[in-house]
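Working notes, structure below.
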Amino acid sequence: MSEKSKTPSDKGAKGSPLVGVVMGSDSDAEAMRPCLDTLTEFGIPYEVRVISAHRTPDAAHEYARAAADRGLACLIAAAGGAAHLAGALASLTPLPVIGIPIKTSSLGGIDSLLSTVQMPAGVPVATVAIGKAGPVNAAILAAQILALADAGLRKKLVAYKARLADRVAEADRNLSFDPEALDGGKPDA
Ligand code: RP5
């Protein structure tokens, strides 16, 4: 385990981290940026680690075992390929674990999805989508978990959903669609 990975990196809003974000490799960092940005947007303090279920299994076990006592309320784990990180953490912590299946070049992330989601009964991993939506939704789901005991955060979530609805309504108002201008509007001869 490198010195860097021994020390959690505290980010986001000020205060002790409530969400532990773990990724299996630093090659997952770019895909995870929207997750971290969304946690920051909601003012949720988080920490980030790179820990691999396969390459640094002892560190993964140590992190999972200590997470609840360190004051974390929820873990987000992102991994690709044979993506056992979220499940390995979930096996050793009473905290809710959200799994992000990272898109892979060989199998498009289906490998990551199935490895993350197909957990045995008793050890759930709340698995979000492959691709852009997954990391954002992991952060939103973490916010929703924390909001069960945080009325201020719940208000932010309600406002967030209202903004989503406003954007759709605006897109609907601004839609200019002329079926006559499209060949696809006419049935094939
Ligand atoms: C997984 O293997 C990581 O989460 C990453 O998505 C994938 C590839 O890792 P690298 O070989 O790029 O380090 O453990």
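Nothing here was measured: the structure is a model prediction, and the numbers come from that model. As the structure lists them, so they are numbered: ligands from 1, and atoms in each ligand from 1.
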Numbered in order shown, the ligand 1 atoms found under 4.0 Å of a heavy atom of Ala79 are 4 (O)
Is Arg55 in contact with ligand 1, taking contact as a heavy-atom separation below 4.0 Å? yes
Please examine the side chains of Leu18 and Pro45, heavy atoms only from C-beta on, and report whether any two atoms are closer than 4.5 Å. yes
If you define the side chain from C-beta out and look only at heavy atoms, does anything of Val48 sit under 4.5 Å from Met23? yes
If you have a sec, work out which protein heavy atom is nearest atom 12 (O) of ligand 1 and how many Å separate them, to one decimal? Ser27 OG, 2.7 Å
Do me a favour and list the nearest non-hydrogen protein atom to atom 6 (O) of ligand 1 with residue, atom name and distance? Asp28 OD1, 2.6 Å
State the atoms of ligand 1, each with its element, that fall below the 4.0 Å cut-off from a heavy-atom position in Gly24. 3 (C), 4 (O)
Flag the pair Tyr63 / Thr93 as yes when at least one side-chain heavy-atom distance between them is below 4.5 Å, and no otherwise. no
Using a 4.0 Å cutoff against the non-hydrogen atoms of Gly80, which atoms of ligand 1 qualify? 1 (C), 2 (O), 3 (C), 4 (O), 5 (C), 6 (O), 7 (C)
Below 4.5 Å, heavy atoms only, C-beta onward: do Leu72 and Glu47 meet side chain to side chain? yes
Least distance between heavy atoms, Leu153 atom then Ala143 atom: CD2-O, 3.5 Å
